[in-house]
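Quick note: numbers below take in every heavy atom, side chains included, and nothing from hydrogens, waters or symmetry partners. A note on names: the letters A, B, ... follow the listed sequences, proteins ahead of strands, and every chain is numbered from 1.
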Amino acid sequence: MMDVDVRADGRTLNQLRPLTCSRNLLNRAHGSARWSQGDTAVLAAVFGPKAGTKKGENPEKASIEVIWKPKTGQIGRREKEYEMILRQTLQSICLLTVHPNTTTSIIVQVIGDDGALLSCAINASCVALVDAGIPLKHLAVAICCGLTVGGHVILDPTVLEEQKLKSVLHLVFPNPPLSIHHKTQSLMKDVPIEHGIITSVTRGVMSVPDYEHCLDRGRIACTKISEFVRRNLQSSAREGLAKAT
Amino acid sequence: MTSTEGYKPEPGLAAEIEVEAYRRLFPLQYYERHLAESVRPDSRALGRARDTTIALGPVTSADGSALVKIGDTTVLAAIKLEVMTPSIDSPDVGSVAVDFQMPPICSPVVRPGRPAEVAPVIAKQLSDVIMSSGMINLKELSLISGKAAWMAYLDIYCLNADGSLFDAALLSATAAFSHLQIPLVSLNDDGKLITVSEELKDKAAVEPVNKENRKLTIAVAPFSLTCIVHGKYILADPTSEEESVMDTHVTVVLDSKERLVSLYKAGGAVLLHISVVKDCIMLAKQRMEELSEILRESLSAMEVD
């Protein structure tokens, strides 16, 4: 019984590792953030919006560019895949029509990898975009779920756990915008926006009900991460105000 | 049908130009007007995939190959086997290396000298799906435990990129593995493995190491379907034009036991209803049955030959 519910590091199945988030660490970047989940840590820096877009991009919209820097060595296929997933995810939360014909670069530096790396990088880049003041539709919150051979769903797995898992999922959900206008609230109709899926990346075989189960668990965990992000952003916003006055 | 409101185009060349101009100037509106009528510009229904053909063995110098066409998307896969020494940790398994190439001929977007951005990403996803789906039993690629095993180089070339590249690439990989014929090898006097050519096969001097098991058993094959979600519409198997106009893509990979191998959606619109995901899975299930039938037919046609 105990073996089923407690993981190697003493966490329960639904327990996340301690989250930390600090912003505005780099003074040359327009925005930066360091996000860590246990021993997985990522530093994201945002430069831009800079004038002009790359060839082949739509000049009527802002373009997002992601550069992935691994902890050691050259970037391989895995990093290229992460770059593309990050770019497409961030593109979908940015208001691209506000700064047409500009490029915003996000540089993601991996500091430590102990599982759930992609989710950690998405969270870090999202906070860095806020720090840089890039106009966003809403925040994106990422969670990594794993499915054990026994069919249990565990959240935020470490590298050791990832190796033993049957399948690993990275899920990204929107963080609902708070609005004082009733108009925006009514726009959401019957389904709250935080129930939506922005990104889903899975590896490993699972049944369709298992996938839905992971979605539900991930969504619940993401509301907790959302609250953490919101608290963090609000507290540093207050600090900023106090300094200015 | 596709001209602007209240304007009736004259029949003939003038009307043709008008529609073509509208398509280029307002691509999204052009598509939305089609979708409202539940039809696509190439006269397909929304949930309908393009005609698919599989030709097995077009590359005679390779050990297994397949040419797959989904509509205009053309993908060629070929497998070359080489003998290697397995690693000490896993002495009785072979290995598979997947590569996906997009030469400049395949699309106007790919420029010479600059490799396509998506090519390494598709290669990575392909190798993830092939390895995690359990399609190939790597133990079947072993020759002599700890001494020799097969290294399968799977090279996939995109000849014409007209959308749903991953679907076509995965189908070609599955077909090429089904077609794979493992060559005969035998030990020579120095204790090295040499391939046995067809003429030498009947001579008693050479004793092949692998007389049986010259085909891989493909227990469960993964099949994939890419869908575009645009508002309430779901378009199966998009062309490259559709992919460039609408940006919410969902790729579902199901295996022949209807298990989910991958559900890939990167960015795009927020999917508010889980029912949309379920609809995509349903379409993928239909497509999986369709594709496994096409693959079975082409395999049995080959055996008749």
Side-chain angles (χ1 to χ4, degrees), chain A residues 54-56 58 64 75-94 96 118 122 137-138 140 147 166-174 188-212 214-216 219, chain B residues 97-100 108-111 114-129 131-135 220 222 229 244-245 247-255 257-278 280-282 284-285:
Chain A
K54 266 201 269 177
K55 203 174 176 184
N58 182 0
I64 304 276
I75 76 162
R77 280 179 183 175
R78 185 173 95 126
E79 287 76 20
K80 287 253 176 72
E81 189 193 12
Y82 284 174
E83 272 184 358
M84 184 162 278
I85 295 167
L86 252 173
R87 184 169 60 83
Q88 289 173 342
T89 303
L90 297 176
Q91 232 163 23
S92 75
I93 62 163
C94 289
L96 298 173
L118 179 62
I122 292 173
K137 287 179 213 161
H138 46 74
L147 205 64
K166 198 171 74 159
S167 32
V168 179
L169 300 92
H170 291 277
L171 302 167
V172 184
F173 299 97
M188 290 172 197
K189 291 173 208 147
D190 49 338
V191 185
I193 188 167
E194 64 265 33
H195 281 201
I197 307 161
I198 300 179
T199 294
S200 155
V201 179
T202 74
R203 205 188 63 228
V205 180
M206 70 195 111
S207 67
V208 176
D210 275 342
Y211 177 74
E212 286 167 25
C214 286
L215 269 185
D216 290 339
R219 191 176 286 137
Chain B
V98 184
D99 198 19
F100 183 76
V109 183
V110 185
R111 310 281 309 278
R114 242 185 263 167
E117 212 187 354
V118 289
V121 178
I122 292 179
K124 169 76 171 44
Q125 290 167 347
L126 274 172
S127 104
D128 276 355
V129 164
M131 299 320 284
S132 70
S133 67
M135 170 169 74
V220 278
V229 180
S244 65
V245 173
D247 60 359
T248 313
H249 307 172
V250 181
T251 301
V252 183
V253 184
L254 289 179
D255 67 12
K257 287 181 186 162
E258 291 181 24
R259 291 177 305 174
L260 197 64
V261 181
S262 160
L263 199 146
Y264 182 84
K265 172 189 188 283
V270 177
L271 295 186
L272 278 181
H273 300 273
I274 184 78
S275 62
V276 178
V277 178
K278 283 185 179 164
C280 290
I281 295 175
M282 272 305 294
K285 198 186 137 204

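- At least one side-chain heavy atom of B:V250 sits under 4.5 Å from a side-chain heavy atom of B:V229.
- Neither the backbone nor the side chain of A:E83 comes within contact range of chain B, judged by heavy atoms closer than 4.5 Å.
- Residues A:R77 and B:A123 come closest through the heavy atom pair CZ-CB, 3.7 Å.
- Contact annotation for B:K257: neither backbone nor side-chain heavy atoms come within less than 4.5 Å of a heavy atom of chain A.
- Per-residue counts of heavy-atom pairs under 4.5 Å with chain B were compared for A:T89, A:I197, A:I85; the largest is that of A:I197.
- Checking side-chain atoms of B:T248 against main-chain N and O of B:A269 turns up a donor-acceptor pair under 3.5 Å.
- There is no contact between B:V276 and chain A, counting heavy-atom distances below 4.5 Å.
- Looking at A:L86, there are no atoms closer than 4.5 Å to chain B (heavy atoms on both sides), in backbone or side chain.
- Smallest separation of non-hydrogen atoms from A:Q91 and A:L96: O-CD1, 3.7 Å.
- Heavy atoms of A:H138 lying under 4.5 Å from chain B belong exclusively to its side chain.
- Chain A forms the most heavy-atom pairs under 4.5 Å with one residue out of B:L263, B:D255, B:T251, B:L271, and that residue is B:L263.
- Between the side chain of B:K265 and the backbone N or O of B:G267 there is at least one donor-acceptor pair closer than 3.5 Å.
- Highest contact tally toward chain B, considering only A:I93, A:I198, A:L169, A:V172, is held by A:I198 [criterion: heavy-atom pairs under 4.5 Å].
- Checking B:Q125, B:K124, B:M131 one by one against B:D128, the side chain to side chain contact (heavy atoms under 4.5 Å, CB included) holds for a single residue, B:K124.
- Contact between B:V220 and B:S133 at its shortest, heavy atoms only, is CG2-O, 3.6 Å.
- Among the candidates A:M84, A:R78, A:K80, the residue making the largest number of heavy-atom pairs closer than 4.5 Å to chain B is A:M84.
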